[in-house]
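Notes follow the structure.
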Amino acid sequence: MTAVLNFKSHLSDLFAEALRTVAPEQAATILLERPKQAQHGDYSCNLAMQLAKPLRRSPRDIAQALMAALPASGVVEKVEIAGTGFINVFLTVAAKQSVVRGVLQAGAGYGHIRRGAGKKVQVEFVSANPTGPLHVGHGRGAAYGASLSNVLDAAGYAVTREFYVNDAGRQMDILALSTWLRYLALHGISVPFPPNAYQGAYVRDMAQQISAAHGARYVRAAAEAMHSAPSVEEDADAHLDALIANCKKLLGEDYAYIHNHVLTEQLGDCRNDLAEFGVHFDEWFSEQSLFDSGLVARAVDTLKHGGHLYQQDGALWFRSTTFGDEKDRVVQRENGLYTYFASDIAYHLNKFERGFDRVINIWGADHHGYIARVNGALKALGLDSDRLTIALVQFAVLYRNGEKAAMSTRSGEFVTLRELRNEVGNDATRFFYVLRKSDQHLDFDMDLAKSQSNENPVYYLQYAHARICSVLQQWQGDAAVLKQADVGVLESDYEKVLLQHLIDYPQVIEGAAEDLAPHLIAFYLKDLAADFHSYYNASRFLVEDEKVKQARLALIAAVAQVMRNGLALLGVSAPEKM
RNA sequence: GUGCCCGUAGCUCAACUGGAUAGAGCACCAGCCUUCUAAGCUGGGGGUUACAGGUUCGAUUCCUGUCGGGCACGCCA
């Protein structure tokens, strides 16, 4: 007989059949749940309650009829009616036991499902301005995006991980200017450093690098740098813009070098930081390239031809209110420059033209006001905005010694992702970041994450894995034997609970992929580890009876495999010793 | 002021998208190591799911209002 691997869909088929017999004209959705309590069986169906109203019969009555019409199945032990009309299904132990062999044979592939059917999904995340080190807010987006991408990958989607590089805007100019001013200072030229320029120590470092490599080549007179700039008190932004303009003019061709140097430097730092964090990208997409290829102009043109733009106060506006936005938005400023929004429209057009079936943007929660206009722009371009999902990630607040760790970008005194990783460790950092629903505020307790004690949930999971490895190590047997082990003796309550957990894993992947919720994996693994620890304390594995020993070892080896698979999705290591 | 998100045990959070007696960890109390890792396990107390209505067989979940918190409301990126 062929083993049933997906009990849920198997049972779903059986109920569909019963439904056709009992009420062929009804098109109810068949929902199977895992009851919270064991006495309610392995799976529970509420179909009878759904049908009560349209059929004008009592739920228990309908449940009786459905139960009678349910086709026989080798994996079903018994079916019961309970409560107001739940139909509870109990599986045979033999059916559940077969999962052990399934897990061991599939190995790292266990939990990989075909739900995505190879559909192309793009996940764009982090996309921080390359103007300084990543901070803890970016860290959450990075951990979430990376884990989500892994989950989607496991669920059978073809995932492209992408970082959008904001290399075209004013922020990059400000960074170039900041670096140049620090460079001038190194050469004894004193220009007052604007308060809204980049203050961080890394700016001085870059100035030092440039000075070391090129000496005084980029030195210009202070007076010229400050030429006709309004005072900071008058208008700080205009002051900065004037300095940028002077910088570009004075350096001429050389400006590109400074600009490019700071961009390359910061992007490289960002890439290393993320790589150390286990976060990798398939594509680093340049904003500048959208201008170079003419796509921004083309996108704006398309909107214009569609009648979605109008001229007012010298600027070009997109009529986003047509699509439910609060107000219309400027795409081209009075000075002729495109806004960030314009390049973002082009970027999304590009995403769709690359043929992704689904596009997922992971944004910080502070960007939520931006969603309406982007969706509006897609619709105006005649694109299917339903293919775009914007997942908002709430802020993370760090707590150290029971107090909020300050996060101020202005003073440059924010906690960087790198500092956090160094202090807490990559595993705990990755895990803590995805331990919350992404749309939930995150209190990141650094003391807890650092503690090497029972308080720390990361160790709890890793410890379960290490314990299993240790037992298998002492057994000294051939792991291949376990794949063929006779698991018929696994009948205790502890064992049944673990079997059911193993069976659930692929469905957890499916749920996590569907809801874009990798935290579900973390919670699942915590449960699995808890049930293993209970089992460990209640039973021995290295027993005399060879058959029992092999069966139990096979079971815990399967648990370890699923722990490894799940932790890998979260980017957390599974050590064999602790 | 307007819009979006949130409010669950003392604290930090779950709850399978509307299901059965709302669950974990931490903290607190009481136990378990001469046998595979005690970073573990077992048991206990702890709740009007912010509040008030509504929808229905059934609501922490959906709708309305009130209160409280977060975020966003540039020809910035």
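Within every chain, numbering begins at 1; the chains are lettered A, B, ... in the order of the sequence lines, protein sequences first and strands thereafter. FYI, side chains are in, hydrogens and waters are out, and symmetry mates aren't considered; it's all heavy atoms of this structure.
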Would you list the protein and nucleotides 11-13 of chain B atom pairs, both N or O, that sit under 3.5 Å from each other?
unit_1, atom_1, unit_2, atom_2, d
B/rU12, O3', A/Asp443, OD2, 3.4
B/rU12, O2', A/Arg436, NH2, 2.7
B/rC13, OP1, A/His441, O, 3.3
B/rC13, OP1, A/Asp443, OD2, 3.4
B/rC13, O5', A/Arg436, NE, 3.1
B/rC13, O2', A/Arg436, NH1, 3.2

Please enumerate all protein N or O atoms sitting under 3.5 Å from an N or O of nucleotides 73-77 of chain B, with distances to 0.1 Å.
unit_1, atom_1, unit_2, atom_2, d
B/rC75, OP2, A/Lys327, NZ, 3.4
B/rC75, O2, A/Glu334, N, 2.8
B/rC75, N4, A/Asp313, O, 2.6
B/rC76, OP2, A/Arg333, NH1, 3.3
B/rA77, OP1, A/Arg333, NH1, 2.8
B/rA77, OP2, A/Tyr340, N, 3.1
B/rA77, O2', A/Asn129, OD1, 3.2
B/rA77, O2', A/Asn129, ND2, 3.1

Side chains of residues 37-50 of chain A: which donor-acceptor pairs under 3.5 Å do they make with residues two or more places apart or in other chains?
unit_1, atom_1, unit_2, atom_2, d
A/Asp42, OD1, A/Lys96, NZ, 2.8
A/Asp42, OD2, A/Leu91, N, 2.8
A/Asp42, OD2, A/Lys96, NZ, 3.4
A/Tyr43, OH, A/Gln500, NE2, 3.4
A/Ser44, OG, A/Asn88, OD1, 3.0
A/Asn46, OD1, A/Gln50, NE2, 3.2
A/Gln50, NE2, A/Thr29, O, 3.1

Without placing hydrogens or testing angles, list every side-chain donor-acceptor pair under 3.5 Å for residues 521-529 of chain A, not counting sequence neighbours.
unit_1, atom_1, unit_2, atom_2, d
A/Tyr524, OH, A/His501, O, 2.6

I'd like a table of donor-acceptor pairs (distance under 3.5 Å, sequence neighbours excluded) in which one partner is a side-chain atom from residues 168-177 of chain A, with atom names and distances.
unit_1, atom_1, unit_2, atom_2, d
A/Arg170, NE, A/Asp241, OD1, 2.8
A/Arg170, NH2, A/Asp237, OD1, 3.2
A/Arg170, NH2, A/Asp241, OD1, 3.4
A/Gln171, OE1, A/Tyr198, OH, 2.7
A/Asp173, OD1, A/Tyr255, OH, 2.5
A/Asp173, OD2, A/Lys248, NZ, 3.3

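Among residues two or more places apart in sequence or in another chain, the salt bridge (charged side-chain N to carboxylate O under 4.0 Å, His left out) test is passed with A/Glu510 by A/Arg115. When the ring pair (Phe, Tyr, Trp, His ring centres under 6.0 Å) test is applied to A/Phe532, the partners found at least two apart in sequence or on another chain are A/Tyr536. Under the ring pair (Phe, Tyr, Trp, His ring centres under 6.0 Å) criterion, A/His465 pairs with no residue, sequence neighbours left out. Taking the ring pair (Phe, Tyr, Trp, His ring centres under 6.0 Å) definition, one finds that A/Tyr340 meets it with nothing, sequence neighbours left out.
At the heavy-atom level, A/Gln462 lies nowhere under 4.0 Å from the strands shown. Using a 4.0 Å heavy-atom distance criterion, A/Asn88 is classed as a base contact.
Defined by atom type and a distance below 3.5 Å, a donor-acceptor pair is present between the side-chain atoms of A/Tyr535 and A/Glu495.
Between A/Lys351 and A/Glu124, at least one side-chain N (NZ, or NE/NH1/NH2) sits under 4.0 Å from a carboxylate O, which counts as a salt bridge. A salt bridge does not link A/Lys549 with A/Asp545: none of the charged nitrogens is closer than 4.0 Å to a carboxylate oxygen.
For the pair A/Phe541 CZ and B/rC36 P, the interatomic distance rounds to 12 Å; values are reported in whole Å.
Atom OH of A/Tyr463 and atom OG of A/Ser470 lie 9.0 Å apart (nearest 0.5 Å). A distance of 7.5 Å separates CD in A/Gln266 from OG1 in A/Thr179, rounded to the nearest 0.5 Å.
Shown for residues 41-57 of chain A: residues whose heavy atoms fall under 4.0 angstrom of RNA chain B, namely A/Ser44, A/Asn46, A/Met49, A/Lys53.
Both stacking criteria are satisfied for A/Phe86 over the base of B/rA20: a centre-to-centre distance under 5.5 angstrom and an angle between ring planes under 30 degrees.
OP1 or OP2 of B/rA20 lies within a sub-4.0 Å distance of a side-chain N or O belonging to A/Lys36.
Side-chain to base pairing of A/His368 with B/rC71: one donor and one acceptor N or O lie within less than 3.5 Å of each other.
Residue A/Asn537 places its side chain closer to B/rG40 than to any other of B/rA15, B/rG40, B/rU37.
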Once pairs are restricted to Watson-Crick or G-U wobble with both distances under 3.5 Å, how does RNA chain B read as a dot-bracket string, [ ] for crossings and | for other-strand pairs? (((((((..((((.....[...)))).(((((.......))))).....(((((..]....))))))))))))....
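In this structure, B/rU8 shows a glycosidic angle more than 90 degrees from zero, which is the anti conformation.
Among residue pairs with one or both ends in residues 310-319 of chain A, those qualifying as side chain to side chain donor-acceptor pair (under 3.5 Å) are A/Tyr310-A/Asp328; sequence neighbours excluded.
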